[in-house]
Asks: 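Below you will find the structure I want to go over with you.
Numbers here are sequence positions counted from 1. Note that these values count all heavy atoms, side chains included, but never hydrogens, waters or copies made by symmetry. Everything quoted here is computed from the prediction, not taken from an experiment. Each ligand, and each atom within it, is numbered from 1 in the order the structure gives.
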Amino acid sequence: MIRSQLFIFGCIQSLAITLFLLILAIWHAPIWACMLASCIFALSAAWRWHDAWWWGGIHALFFPSIFLALQLNISPLWYLLAFTLSWVVFGRVAVNRAPIYLSNRQVLTALEARLPKNGHFLDIGAGTGTVLAWLVKRRPDLQLYGIEQAWLPWLLGRFRLPSKVKWLRGDYQKLDFANFDMAYAFLSPVPMEALWQKAQREMRPGTLFLSNTFIVPGVAPDEMIELGDWKGGRLLLWHM
Ligand SMILES: C[S@@+](CC[C@H](N)C(=O)[O-])C[C@H]1O[C@@H](n2cnc3c(N)ncnc32)[C@H](O)[C@@H]1O
C-alpha cells in the first residue's frame with residue numbers, strides 16, 4: 001500500500017475509533033467496556049500497521065495507561081513537557097522512523113580504516129556528531145559534513161565539533177548528495193530503500209555509499225565488514 005493510502009486509511013481508522021468511544025461515553029458505558037473496546041481497536045491497529053508481534057503488547061497498554069494516568073491527576077503541563085522533550089530529542093521520528101542511537105567503537109574503527117583518502121564525507125542523520133568527532137581527530141585528510149534534524153542532538157554536536165566540520169541542521173532528503181564522495185547512514189530499515197534511490201540519483205560514479213547494518217532491500221552490497229559487536233553489526237559498502 002502506498003504512503004498516501006496508508007495515511008487515509010489511518011485517518012479513517014482513528015475517526016472510527018474516536019466516534020465509537022464517544023458513543024460509549026455518551027451512553028455512560030461502564031469503564032471496563034470502554035477499556036475492552038479500546039484494547040480491541042488498539043490491537044487491530046497494531047496488526048494493521050506493524051509486522052512485529054510485540055507491537056500488539058505496546059498498543060494494548062495504550063488505553064489502560066491513559067486511564068491510570070488520568071487517575072493520578074497529573075497537571076497537563078507535565079505531558080506538554082514530556083512531549084516537548086521527546087520532540088527535541090527525537091525530532092520527526094514518527095515520520096522518519098529513525099530514532100537516535102549512536103555508532104559504536106567497532107564501526108568507528110572500521111570507518112577510520114576503510115574510508116578512502118581525501119574527499120568529502122557526509123554522515124546522513126548525524127545524531128550528536130559521534131562519527132565526525134572520531135574522524136576529525138584521526139582522518140585529517142577528510143572534509144567532514146553532518147546533517148541532523150532533531151534539535152537537541154544537533155545542539156550537542158554544535159558544541160562538541162570543531163568549526164572545520166560542516167554541521168548542518170535539517171532534513172537530509174533536502175540535501176544534494178552530489179557534493180560528497182562518501183555518504184554514511186545509520187538509520188533504520190524503514191528509510192533505506194528511499195535513501196538508496198536518492199543516493200543513486202545524486203551521487204557521482206566512483207563515490208561510496210555506506211550503511212551501518214541496515215541493508216538496501218534487493219541490492220547486495222559490494223563489500224561487507226563484520227564488526228564483531230554484540231548485535232552482529234556490519235558495515236555495508238556500495239560503489240556507486
Ligand atoms: C541511529 S541515529 C545515528 C546517529 C549518528 N549517525 C551515529 O551513527 O552515531 C539516526 C539519526 O538520524 C536522524 N535523522 C533521521 N531522519 C533524518 C532526516 N530525514 N534528516 C536528518 N536527520 C535525520 C535522527 O534524528 C537520528 O539522530
Side-chain angles (χ1 to χ4, degrees), residues 3 7 83-115 120-139 142-162 165-203 208-216 221 224-238:
R3 224 182 155 88
F7 179 73
F83 174 77
T84 312
L85 255 180
S86 65
W87 185 72
V88 292
V89 175
F90 294 108
R92 288 161 53 83
V93 70
V95 179
N96 298 329
R97 310 291 297 278
I100 185 158
Y101 34 86
L102 305 176
S103 285
N104 60 21
R105 185 171 280 263
Q106 285 90 334
V107 76
L108 297 177
T109 315
L111 277 173
E112 177 191 343
R114 178 57 188 84
L115 291 176
H120 294 223
F121 171 93
L122 171 69
D123 185 358
I124 305 166
T128 56
T130 305
V131 176
L132 303 176
W134 181 275
L135 291 175
V136 76
K137 289 196 195 121
R138 295 163 178 88
R139 291 293 306 267
L142 299 176
Q143 305 260 337
L144 299 171
Y145 297 77
I147 181 158
E148 171 54 48
Q149 194 166 40
W151 279 100
L152 193 63
W154 174 83
L155 200 64
L156 293 174
R158 177 72 292 159
F159 288 124
R160 172 189 205 182
L161 295 165
V165 175
K166 301 281 177 296
W167 186 239
L168 312 167
R169 208 211 61 82
D171 185 351
Y172 69 71
Q173 296 176 57
K174 296 190 182 139
L175 186 70
D176 189 352
F177 288 2
N179 302 319
F180 305 102
D181 305 292
M182 303 147 239
Y184 167 77
F186 182 29
L187 295 169
S188 84
V190 183
M192 288 310 289
E193 192 161 353
L195 180 62
W196 173 251
Q197 303 293 340
K198 177 174 169 61
Q200 273 204 314
R201 268 195 317 272
E202 295 172 1
M203 291 184 78
L208 203 56
F209 177 73
L210 306 99
S211 167
N212 183 344
T213 304
F214 301 116
I215 59 160
V216 174
M224 189 159 71
I225 301 171
E226 294 291 342
L227 298 173
D229 57 14
W230 63 271
K231 56 183 169 52
R234 293 168 304 176
L235 182 60
L236 311 170
L237 297 91
W238 290 263

Asks: Among R92, Q149, E148, which one has a heavy atom closest to atom 25 (O) of ligand 1?
Replies: E148

Asks: How about Y184 and F209: are their ring centroids closer than 6.0 Å?
Replies: no

Asks: Over 60° means perpendicular and under 30° means parallel, so tell me whether F186 and F214 are parallel, tilted or perpendicular.
Replies: parallel

Asks: One residue to check: N96. Relative to ligand 1, which of side chain, backbone, both or neither has a non-hydrogen atom less than 4.0 Å away?
Replies: side chain

Asks: Taking the ring of Y145 and the ring of W167, is the distance between their centroids below 6.0 Å?
Replies: no

Asks: So, taking the atom named CD in E193 and the one named CD1 in I215, what distance separates them when rounded to the nearest 0.5 Å?
Replies: 10.0 Å

Asks: For atom 2 (S) of ligand 1, what is the closest protein heavy atom, and at what distance to 0.1 Å?
Replies: Y101 O, 3.2 Å

Asks: Number the atoms of ligand 1 from 1 as they appear, then name those within less than 4.0 Å of a heavy atom of D123, with their elements.
Replies: 5 (C), 6 (N)

Asks: Which of the listed options, D171, I100, I147, holds the heavy atom that is closest to atom 19 (N) of ligand 1?
Replies: D171

Asks: Taking side chain to side chain donor-acceptor pair (under 3.5 Å) as the definition, give me every residue that meets it alongside R158, ordered by chain and number, with sequence neighbours left out.
Replies: none

Asks: Can you tell me how far apart NZ (K231) and CG (N104) are? Round to the nearest 0.5 Å.
Replies: 5.0 Å

Asks: Using a strict 4.0 Å cut-off to heavy atoms of V131, name the atoms of ligand 1 that fall inside it.
Replies: 7 (C), 8 (O)

Asks: If the cut-off is 4.0 Å to any non-hydrogen atom of L102, which atoms of ligand 1 fall inside it?
Replies: 9 (O)

Asks: What protein heavy atom is closest to atom 8 (O) of ligand 1, reported as residue, atom name and distance in Å?
Replies: S103 OG, 2.5 Å

Asks: Look at ligand 1 and say whether G129 reaches it with a heavy atom at a distance under 4.0 Å.
Replies: no

Asks: Students should be able to answer this: which protein heavy-atom is nearest to atom 10 (C) of ligand 1, and at what distance?
Replies: F186 O, 3.4 Å

Asks: Return yes when atom CZ of R138 has more than 12 non-hydrogen atoms of other residues, nucleotides or ligands closer than 6.0 Å, and no otherwise.
Replies: yes

Asks: Where do G91 and A150 come nearest, in terms of heavy atoms and distance?
Replies: N-CB, 3.6 Å

Asks: Could you name the option among P153, G91, A98 that has the heavy atom nearest to atom 24 (C) of ligand 1?
Replies: A98

Asks: For G170, take its heavy atoms, then give the atoms of ligand 1 lying under 4.0 Å from any of them.
Replies: 20 (N), 21 (C)

Asks: For atom 6 (N) of ligand 1, which of P191, G127, G125 has the closest heavy atom?
Replies: G125

Asks: Nearest 0.5 Å, please: how far is CD in Q149 from CG in N96?
Replies: 5.0 Å

Asks: Among all protein heavy atoms, pick the one closest to atom 18 (C) of ligand 1 and tell me residue, atom and distance.
Replies: Y172 CD2, 3.2 Å

